[in-house]
Structures are given as C-alpha cells and as structure tokens.
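Order of the sequence lines sets the chain letters (A, B, ...), proteins ahead of strands, with each chain counted from 1.
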2 protein chains.
Amino acid sequence: MSITSDLIRGHTETIIMANLYNKDSYGYEINKAIQEASDGQYELKEATLYGAFRRLEDNGYIVSYWGDQTTGARRRYYHITDQGKIYFETSCKEWENAKKLIDKLIGIGGKGNE
Amino acid sequence: MSITSDLIRGHTETIIMANLYNKDSYGYEINKAIQEASDGQYELKEATLYGAFRRLEDNGYIVSYWGDQTTGARRRYYHITDQGKIYFETSCKEWENAKKLIDKLIGIGGKGNE
DNA sequence: AATATATACCTTGACAGGCGAGGTATCTAC
DNA sequence: GTAGATACCTCGCCTGTCAAGGTATATATT
C-alpha cells in the first residue's frame with residue numbers, strides 16, 4: 001500500500017463505478033480487482049467500500065440484489081443504473097479536468113521554472 | 001468554482017508549497033495566484049488555507065514571519081525550509097504515481113473496453 | 001473435533017481535512 | 001461615512017476514511 005488514501009479520496013466512487021460499468025459485481029470482487037489492477041499499491045478498506053455502496057445506492061446510481069449462491073458465502077451484487085452511467089461519465093470528465101488543473105497548480109512555482 | 005474540493009483534497013498542501021518553492025509569499029497572494037492559474041475554477045477557502053499553513057509550519061516544512069508593511073494590512077510571510085522542499089518534491093512524485101494509478105483504476109471497466 | 005484460512009458481508013466510533021460563518025484591522029475611493 | 005479591497009484569524013459542523021469489532025459459509029490442516 002504505497003498510495004495515501006487522501007490522494008484517492010474523491011475517486012472512490014468513480015473507481016467503484018468503473019468496475020460496475022460493463023457488468024454487475026459485488027464488494028469483495030471489486031476490491032480484489034482494484035488490488036490486482038494497482039499491483040497491490042492500493043485497496044479499499046471495507047468500511048470505506050460499503051460506505052460508498054450505501055451512498056451510491058441512496059443516490060440511485062446503483063441497485064443491489066442478493067446472488068443465488070448455492071454454496072459459499074452469499075454475495076450482494078450491484079448493478080449500475082442509467083443515472084449511474086451518466087454519473088460515471090461525468091466523473092471521468094471531472095477527473096480529466098482536475099488532473100490538468102492540479103498539474104498546472106503544482107507547476108506554478110515548482111522546481112526550475114523561476 | 002467548477003472543481004469539487006474532494007478532487008483537490010490531498011493536494012492542498014502541495015499546491016501551497018509550489019507557490020512557496022521559489023519565493024516567500026503570504027496567504028492572500030497565494031490564493032489569488034491559485035484563482036488566476038485556474039481561471040477562476042478553484043480557490044482555497046480561507047479556513048482551509050490557514051489550516052494548511054498551520055499544519056505545514058507544525059511539521060517544519062515552512063516558517064513564517066511578519067512583513068514590514070509601512071502601509072496597508074499586515075502580511076504574514078511564509079518561507080519554505082529544506083525539509084519543505086523535500087516534502088514538496090516527494091509530493092510531486094506521489095502525484096505522478098497517483099495520477100497513473102487513478103487513470104488505470106477508472107479505466108478498469110470503463111465505457112468501451114469490454 | 002478443533003483450528004486456520006479464504007470468501008463475503010456489515011456496523012460503530014473516532015479522526016482529520018474542508019468549509020460556512022463569523023470576527024478584526026488598514027487603506028482607498030466615492 | 002460607507003463600501004470595497006486587502007489581509008489576517010477562529011469556532012463548530014460535515015463528510016469520507018479507517019481501525020476494530022462482528023457474523024456466516026466452506027475447505028484444508030492438525
């Protein structure tokens with residue numbers, strides 16, 4: 001875990017939504033996917049993850065249902081709504097914008113541009 | 001103000017440090033510089049700004065002194081320390097790393113890469 | 001039979017950063 | 001005399017994160 005969560009804060013929901021865009025998934029699986037994609041650099045803490053699900057569902061961006069596992073632990077699956085897709089796409093644009101802005105603001109007086 | 005502060009959270013200190021890297025400055029001036037650089041998209045709230053100064057000074061990354069204005073409102077100037085320069089440079093590297101990671105995580109299942 | 005590990009979910013309480021709202025003081029322009 | 005710009009500061013709330021705790025099922029080990 002080498003990324004401080006303050007740098008990811010604000011992207012948690014977007015990252016989750018990315019995992020739900022093309023297929024339904026569940027908490028444990030999403031978190032594993034994030035860990036793998038980041039080569040172990042980052043993982044969501046469970047309390048953070050489930051808190052985010054709660055917010056996303058309250059806002060109508062996802063809906064949930066119980067999987068019909070006949071064996072193993074039960075899974076709560078999440079499905080992205082149309083509103084959720086729009087929210088994700090908007091978030092992506094905001095990220096592109098924020099990225100440029102932060103780059104610029106950090107470059108303001110940075111090393112070697114006196 | 002079109003950038004939500006959650007996307008900037010975690011970068012506040014780095015942005016301030018960028019403004020202090022090459023010259024001493026003071027709160028009001030730094031905030032104006034940020035507003036201009038972002039074309040009005042972003043500004044630090046005063047409570048946020050002064051809170052960050054406090055943390056940075058407590059951690060030894062900056063030192064402060066009163067300017068000797070003979071006219072106008074008094075200014076508290078901040079000066080970056082050697083430790084502060086290292087902190088800034090480290091933060092920049094972390095940002096480069098986080099940027100790549102977030103790009104990857106948001107791209108996981110995003111639109112059109114089934 | 002007991003223990004450990006992996007899967008899978010959930011909640012509570014504390015903490016830290018950001019911010020709204022309030023305050024003080026100086027100077028300029030109308 | 002009062003409005004606006006400059007310039008600083010603080011209190012208390014809100015929100016997202018996290019450590020720590022809990023529940024339950026299945027498999028592998030001892």
Side-chain angles (χ1 to χ4, degrees), chain A residues 1 3-17 19 24-36 42-59 61-62 64-78 91 98 102 105, chain B residues 1-17 19 24-36 41-59 61-62 64-78 91 98 102 105:
Chain A
M1 181 87 48
I3 294 285
T4 57
S5 50
D6 260 348
L7 293 183
I8 306 286
R9 195 183 179 117
H11 304 288
T12 307
E13 295 183 5
T14 311
I15 291 167
I16 290 172
M17 295 303 265
N19 277 272
D24 294 3
S25 188
Y26 56 97
Y28 199 85
E29 187 180 51
I30 290 173
N31 211 9
K32 280 274 173 288
I34 290 170
Q35 284 174 50
E36 274 174 42
Y42 191 64
E43 63 166 340
L44 290 174
K45 297 305 181 312
E46 292 198 350
T48 304
L49 181 67
Y50 292 110
F53 280 141
R54 156 83 70 151
R55 286 195 305 276
L56 289 167
E57 190 155 23
D58 285 350
N59 287 320
Y61 299 142
I62 56 175
S64 68
Y65 58 93
W66 287 105
D68 57 351
Q69 280 62 53
T70 49
T71 180
R74 64 191 181 155
R75 300 172 180 166
R76 185 194 284 278
Y77 279 88
Y78 294 94
S91 300
I102 294 168
L105 291 178
Chain B
M1 181 87 52
S2 57
I3 294 285
T4 56
S5 50
D6 258 348
L7 293 185
I8 306 286
R9 195 188 177 112
H11 303 290
T12 307
E13 295 183 5
T14 310
I15 291 168
I16 291 171
M17 295 303 266
N19 278 271
D24 294 3
S25 188
Y26 57 97
Y28 200 85
E29 187 180 51
I30 290 174
N31 211 9
K32 280 274 173 284
I34 291 171
Q35 284 174 50
E36 276 173 42
Q41 274 187 94
Y42 191 64
E43 64 166 340
L44 290 174
K45 299 305 180 312
E46 293 197 350
T48 303
L49 181 67
Y50 291 110
F53 280 141
R54 157 82 71 150
R55 286 195 305 277
L56 289 167
E57 189 156 25
D58 284 349
N59 287 319
Y61 298 142
I62 56 175
S64 67
Y65 57 93
W66 288 104
D68 56 352
Q69 281 61 51
T70 48
T71 180
R74 64 191 181 155
R75 300 171 179 166
R76 184 194 285 278
Y77 279 88
Y78 294 94
S91 300
I102 294 168
L105 291 178

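- Residue contacts shown for A:Gly51 are absent, as no nucleic acid heavy atom lies under 4.0 Å away.
- Within 4.0 Å (heavy atoms only), B:Arg76 reaches sugar-phosphate atoms of the nucleic acid but no base atom.
- The neighbour count for B:Asp68 CG, taken as heavy atoms of other residues, nucleotides or ligands under 6.0 Å away, does not exceed 12.
- Within 4.0 Å (heavy atoms only), B:Arg9 reaches at least one base atom of the nucleic acid.
- Taking the six-membered ring where the residue is Trp, B:Tyr26 and B:Tyr77 present perpendicular rings, their angle passing 60° and hence far from 30°.
- Think of the region where chain B sits on DNA chain D: with heavy atoms and a 4.0 Å cut, that region ends 5' and 3' at D:dT6 to D:dG16.
- Residue contacts for B:Thr71: at a heavy-atom cut-off of 4.0 Å it reaches the sugar-phosphate backbone alone, with no base atom in range.
- If you check every strand for non-hydrogen atoms under 4.0 Å, A:Glu46 touches a base.
- The main-chain N or O of A:Arg55 is found under 3.5 Å from a side-chain atom of A:Asn59 such that the two form a donor-acceptor pair.
- When all heavy atoms of B:Phe53 and B:Gly27 are compared, the pair lying nearest together is CE1-CA, 3.6 Å.
- Across residues 26-33 of chain B, B:Tyr26, B:Gly27, B:Tyr28, B:Lys32 each have a non-hydrogen atom less than 4.0 Å from an atom of DNA chain D (numbered order).
- Remark on DNA chain D: of its neighbouring residues B:Trp66 and A:Ser5, the 5'-side contact belongs to B:Trp66, judged by nearest-heavy-atom nucleotide.
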